[in-house]
Amino acid sequence: MKKMWAGRTEARVDKIADSFNSSISFDSRMYEEDITGSIVHAKMLEKQGIISFEERLSIENGLKTILSDLQTGKLEISSSAEDIHMFVEEVLTERIGDAGKKLHTARSRNDQVALDVRLYTRKTAKEVIGKLKALIGVIKNRAEENLDAIMPGYTHLQHAQPILFSHHILAYAFMFLRDIGRLEDCIKRINISPIGSCALAGTTYDTDRFFEAQNLGFSEPCRNSMDGVSDRDFCVEFLSAASLIMPHLSRFSEELILWSSWEFAFIEMSDAYSTGSSIMPQKKNSDMAELCRGKTGRVYGSLVSLLTTLKGLPLAYNKDMQEDKEALFDASDTVKVSLEVFTGMFESLAVHKEAMMNAARKGFMNATDLADYLVGRGMAFRDAYKISGRIVSYCIVQGKILENLSLEEYKNFSVLFDESVYGAIDIKTCVERRTSYGGTSESSVREQIVYLEKVLKES
Ligand code: ARG
């Protein structure tokens with residue numbers, strides 16, 4: 001088969017080399033971006049007097065029909081095309097004749113692909129932002145619904161201090177909020193137009209790069225054509241942002257998996273998001289959460305793959321850069337589907353408040369409050385800490401908990417104790433008294449909810 005670029009060579013490529021070279025199997029998903037870019041390019045060519053009004057009209061109509069034929073499935077993308085850019089141009093020329101051959105004036109596939117990838121990444125980044133917002137909204141709602149649920153707070157996975165379940169899950173809402181910030185920041189740099197950089201050096205035609213940038217929703221054209229065709233930083237930035245969303249989802253997933261075990265039983269996944277075992281009839285597995293956790297690695301892989309591809313590439317375009325797309329697409333798909341599944345799973349799971357509270361009563365989580373009680377009565381914190389520690393070991397030996405020691409027993413450790421100690425070490429009090437900014441008391445948690453509501457509304 002002869003190639004479009006026949007001329008310098010016979011352009012008869014070995015079959016395996018041909019398929020090795022082709023990107024159509026994966027870049028075909030950018031057909032909309034490719035056509036959008038070409039329509040704007042044709043408009044610019046007309047405005048600058050490079051093509052006629054009739055030629056532009058015929059190109060534009062041709063491209064629009066190709067777009068709708070692809071959308072309805074009337075036109076199939078041929079797997080023998082080298083890439084999506086060639087495919088669209090070939091079909092256009094087949095359909096409209098000579099005018100189609102003028103579309104590629106003052107353009108190269110190098111700036112064309114850079115444009116398509118930017119448009120695609122911008123669209124995806126916005127979709128991911130939308131999904132993150134939906135998830136934050138669900139976390140916020142679940143936090144609001146369950147404000148009375150107290151659970152153990154952990155450090156080193158050991159009981160530390162009692163907290164509100166809402167406080168715990170809202171921590172993730174703030175991580176996802178930062179993820180949105182990173183994507184928004186990345187969009188600023190995606191929004192620079194490479195089109196008009198041409199092959200690498202710009203062009204001799206009197207083009208208007210500002211017109212193209214503006215019509216494609218970019219903030220400005222890139223200032224250096226060499227950079228324009230070889231910059232894939234924005235893909236790396238998107239992949240970095242995606243690579244931080246995944247560990248957030250993964251850590252959250254890990255907790256949900258743990259909490260749905262028999263040992264914890266803090267939550268139960270809904271049937272719609274659980275699976276069973278082929279042999280053990282009692283099983284209800286958290287496969288969705290495990291997959292969110294498991295898919296994290298492949299997103300990191302995409303980031304590292306692209307960073308490695310770019311390392312050592314001389315300017316300007318090199319075919320290595322074709323490898324940007326599969327990494328970008330796979331990470332985009334993975335992060336989007338993971339966010340979607342996770343959101344549904346989290347929205348539908350059951351919260352077992354009693355099991356959380358029962359766990360919160362174990363493990364001496366009010367020992368800090370016991371020390372703080374003595375501090376409130378004038379003792380230095382370090383001394384109070386020691387006494388509180390001694391009381392805990394006494395309880396362990398006696399098989400008791402702090403709540404059921406007698407006042408006499410307390411007084412053996414310090415004369416500062418009186419009846420009020422029981423109120424001070426009540427688990428609910430321990431939570432309620434942590435009113436510091438960002439703390440776990442109901443009022444502090446409500447402030448977080450109000451803040452998130454405001455951010456979601458304003459965005
Ligand atoms: N399929 C190519 C890519 O994805 C398009 C650009 C080809 N440019 C070239 N000079 N061969 O990178």
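Since we're looking at a predicted model, the values are computed, not measured. In each ligand, atom 1 is the first atom listed, and ligand 1 is the first ligand listed.
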### Message
Counting the benzene-type ring for Trp, do His159 and Tyr154 have ring centres under 6.0 Å apart?
### Response
yes

### Query
Taking the six-membered ring for Trp, is the centroid-to-centroid distance between Phe252 and Phe342 below 6.0 Å?
yes

Could you check ligand 1 for N or O atoms lying under 3.5 Å from protein N or O atoms and list the pairs with distances?
residue  : atom   : partner : partner atom : Å
ligand 1 : 1 (N)  : Ser23   : OG           : 3.1
ligand 1 : 1 (N)  : Asp83   : OD2          : 3.1
ligand 1 : 1 (N)  : Gln322  : OE1          : 2.8
ligand 1 : 4 (O)  : Lys325  : NZ           : 2.7
ligand 1 : 8 (N)  : Asn110  : OD1          : 3.0
ligand 1 : 10 (N) : Asn110  : OD1          : 2.9
ligand 1 : 12 (O) : Tyr317  : OH           : 2.3

### Task
Apply side chain to side chain donor-acceptor pair (under 3.5 Å) to Glu453 and list each qualifying residue two or more places apart in sequence or on a separate chain.
Lys140

### Lys/Arg cation over aromatic Phe218: Arg118, 6.0 Å, 45° cone
no

### Query
When you measure from the centre of the six-membered ring of Tyr451, is the NZ or CZ of Arg446 under 6.0 Å away and within 45° of the axis?
no

### Task
Keeping the roles fixed (side chain from Ser444, backbone from Thr440), state whether a donor-acceptor pair exists under 3.5 Å.
no

